[in-house]
Amino acid sequence: MTVPAAPTESVHGNHSHAARWPGRDRHPVRVRIAPSPTGDPHVGTAYIALFNYVFAKKHGGKFILRIEDTDQTRSTLASEDAILRALRWVGLQWDEGPDCGGPFGPYRQSERTALYQQHAQLLVEKGAAYPCFCTAERLEASRRARMAEGKPPGYDRLCRYLSKQELADKLASGDKYVIRLAMPLQGETRFFDGLRGDIVIENATIDDQVLLKSDGFPTYHLANVVDDHLMQISHVIRAEEWIISTPKHVQLYAAFGWEPPDFLHMPLLRNPDRSKISKRKNPVSLDYYRDAGFFPEALLNFLSLMGFAFGGDREKFTLTEMIEAFDFTKVSAGEPVFDLQKLTWLNGLYLRELTPEALLMRLRQWRLSDEYLLQLIPLLKERIERMDQLIPAASFFLTGDLDYSGVVAQLIPKGRDKTQTGTALAELTDFLEEQVRHGWTHEALEKACRDFCEKTGWKTKELFMPIRLAVTGRAASPPLFETMVAIGKDLTRRRLRLAAQALHAYVPPSPEASPSPTPKASKAS
RNA sequence: GGCCCCAUAGUCUAGCGGUUAGGACGUCGGCCUCUCACGCCGAAAACGCGGGUUCAAGUCCCGCUGGGGUCACCA
């Protein structure tokens, strides 16, 4: 029942567990990044990709990109494109992937479903997995009941103990079912984490995970194990949030009779409040960093500082230099807070070392491209009379974050207060994330903003001005929705959140405490 | 709440038994300078708490506390 860990001794005399890495001289190093195309390209993806990439290059191995689009309801091709584009922007070129192919394809999991189904079937035959016919309703009810009893909320394993006859009947009935992993009920599962050493988890605390969903698609757990094995992944470097499910994966390897890869979990990037990095508290989309004027090499350098210490107090280094110096013994398992200010400083270092010509080129690749300026000119030309007025009128199109300290008071419409307005802007941001997922167009934006007003009881007349102020920093601007399109999804949303924060933090000047000098309070005091 | 992970200044980190606890961002002060920025110099600022082990503990062990993650037919 207890799955033996890979050999764990031999770290004597060295305090770092990573001393074992790569530790598999016989095998070529093959690592992968496996993003799920369900949203914007995430900075955490770049972070994990970076360490995989560097580790692969350090050891002459391969870095593979695999698309985990096993969630049919949430995965989109648009998101996949955006992720690939963003990773290319960031400069981490993969050796095998859905776009460039490779000897272990296909690299998109939705194109491998038959493989997962065969493997799930194999596990059922071996008795390591079983069909489960429980409905969502029953699962929910059972979960609630178990919570009420103070038990862990996991699946109660009802279908694990179906008799042969019951099973045959259910199967014959044609009801939808899933395949679940039959976790050992006793014992413990142990694995070695490259940063933390041995991690031991009681099997009894682990749920019978769904491996194959009723739509025939695999869950992450099955797909990642099957693919990592078939693609001959040697080392799994992924985020810390996966630690708890690693025993399930270890059990799967054991059930298949496969040798598991080595595991290493990177710490999670954090918001300033130390929670897992999230879009509400910190910009998270790689497109934001691009649009806000960061250089990809600075972003990568900064990301590497989140845990990796180059040595010799060095903080600025190229990817190539990082590869040379790299070693997981120089990576800490601490929980790094993503500090936008320090990233900005680092970016400044990169910017200043560019020649004027080189910087001009970068600016042209950014927002001083003919293409982008041509997008702005139609919006601005009705509002100006001389060419010299263009740049001042366009400033907010060429800016990252805006400063609202001068306009907070104006953000609040008559009859509303700062909390109502701030909350509305924050909720609108969330609303836009949901409603304008499939194309950031002015039609979609207008509809969403109007729908939002209707839903929340705001008049468009009162809310559109604060939106305008948040997005442009001004009361006068080109048409709002076209402006939002030109500014782009990520910068627009960021500004809305920033304005909401400025509102919540705003302290209106109270008449008594006003600094206007009274006759008695002369400057002598 | 159960389980798991983490723990040096506000933040990122160095430290692998004996250090005036080092560097960086940020903050503050100064120099440079027509201004600002850059640059340079300087300052304030940290080993969460309690037990062990040891001649000696930021460093090793245990407990506590704190923070985080995870408990989906999402990854």
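Letters A, B, ... mirror the listed sequences (proteins, then strands); counts begin at 1. None of the values given here were measured: they were computed from a predicted structure.
Among residues two or more places apart in sequence or in another chain, the ring-ring contact (aromatic ring centres under 6.0 Å, His included) test is passed with A:Tyr404 by none. Every residue meeting the side chain to side chain contact (heavy atoms under 4.5 Å, CB included) condition with A:Thr399, not counting sequence neighbours, appears here in chain and number order: A:Leu402, A:Arg495. Among residues two or more places apart in sequence or in another chain, the side chain to side chain contact (heavy atoms under 4.5 Å, CB included) test is passed with A:Glu353 by A:Lys316, A:Tyr350. Remark: A:His265 pairs with no residue by the ring-ring contact (aromatic ring centres under 6.0 Å, His included) rule, at least two apart or across chains. A:Leu158 pairs by the side chain to side chain contact (heavy atoms under 4.5 Å, CB included) definition with A:Cys134, A:Arg138, A:Tyr155, A:Asp156, not counting sequence neighbours. In this view, A:Leu343 and A:Tyr289, A:Phe294, A:Leu299, A:Phe302, A:Phe338, A:Leu340 satisfy the side chain to side chain contact (heavy atoms under 4.5 Å, CB included) rule, not counting sequence neighbours.
Using atom P as the reference point in both B:C31 and B:U35, the two lie 12 Å apart (nearest Å). Taking atom C1' on both B:G23 and B:C4, the two are 33 Å apart, rounded to the nearest angstrom. Taking atom C1' on both B:G66 and B:C74, the two are 30 Å apart, rounded to the nearest angstrom. Separating the P atom of B:U53 from that of B:U13 is a span of 34 Å, rounded to the nearest Å. B:A43 sits 15 Å from B:C25 when the P atoms are compared, rounded to a whole Å.
The number of heavy-atom neighbours closer than 6.0 Å to CZ of A:Phe295, taken from other residues, nucleotides and ligands shown, is above 12.
Taking 4.0 angstrom as the limit, A:Arg314 places none of its side-chain polar atoms (N or O) nearer than this to OP1 or OP2 of B:G23. Between A:Thr219 and B:A75 there is no side-chain polar atom (N or O) within less than 4.0 angstrom of OP1 or OP2. Contact between the side-chain N/O atoms of A:Lys213 and the OP1/OP2 oxygens of B:C74 is found at a separation under 4.0 Å.
Residues from residues 338-359 of chain A lying near RNA chain B, meaning a heavy-atom separation below 4.0 Å, are A:Asp339, A:Gln341, A:Lys342, A:Trp345, A:Arg352 in numerical order. Near RNA chain B, meaning a heavy atom under 4.0 Å away, the residues from residues 268-281 of chain A are A:Leu268, A:Arg270, A:Arg274, A:Ser275, A:Lys276. A heavy-atom distance below 4.0 Å to RNA chain B is reached by these residues of residues 225-240 of chain A, ordered by number: A:Glu240.
A donor N or O paired with an acceptor N or O is found under 3.5 Å between the base of B:G23 and the side-chain atoms of A:Glu315. At a cut-off of 3.5 angstrom, counting only N and O atoms as typed in the model, there is a donor on one side and an acceptor on the other between the side-chain of A:Ser214 and the base of B:C73.
In this structure, A:Ser36 contributes its side chain and A:Asp69 its backbone to no donor-acceptor pair below 3.5 Å. When atom types are taken as modelled, the side chain of A:His229 and the backbone of A:Val225 share no donor-acceptor pair closer than 3.5 angstrom.
Counting any heavy atom pair closer than 4.0 Å across all strands shown, A:Pro247 reaches no nucleic acid atom. Across all strands, A:Val178 comes closer than 4.0 Å to base atoms (heavy-atom distances). Residue contacts for A:Gly307: at a heavy-atom cut-off of 4.0 Å it reaches the sugar-phosphate backbone alone, with no base atom in range. Nucleic acid contact class of A:Glu335 (heavy atoms, under 4.0 Å, all strands): base.
For the pair A:Ile206 CD1 and B:C3 P, the interatomic distance rounds to 13 Å; values are reported in whole Å.
Nearest-nucleotide positions on RNA chain B place A:Gly334 closer to the 5' end than the other of A:Gln209 and A:Gly334.
Within the structure, the salt bridge (Lys or Arg N to Asp or Glu O under 4.0 Å) test picks out the following pairs touching residues 220-231 of chain A (sequence neighbours left out): A:Arg32-A:Asp228, A:Arg66-A:Asp227, A:Arg66-A:Asp228, A:Arg112-A:Asp227. Annotation: salt bridge (Lys or Arg N to Asp or Glu O under 4.0 Å) contacts involving residues 298-315 of chain A, sequence neighbours excluded, comprise A:Arg314-A:Glu321, A:Glu315-A:Lys342.
Within the shown strands, B:G10 is the pairing partner of B:C25 under the Watson-Crick or G-U definition, both distances less than 3.5 Å.
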Extract all donor-acceptor atom pairs below 3.5 Å that involve side chains of residues 41-50 of chain A and protein atoms in other chains or at least two apart in sequence.
unit_1: A:His42; atom_1: ND1; unit_2: A:Gly44; atom_2: N; d: 2.8
unit_1: A:Tyr47; atom_1: OH; unit_2: A:Met306; atom_2: O; d: 2.7

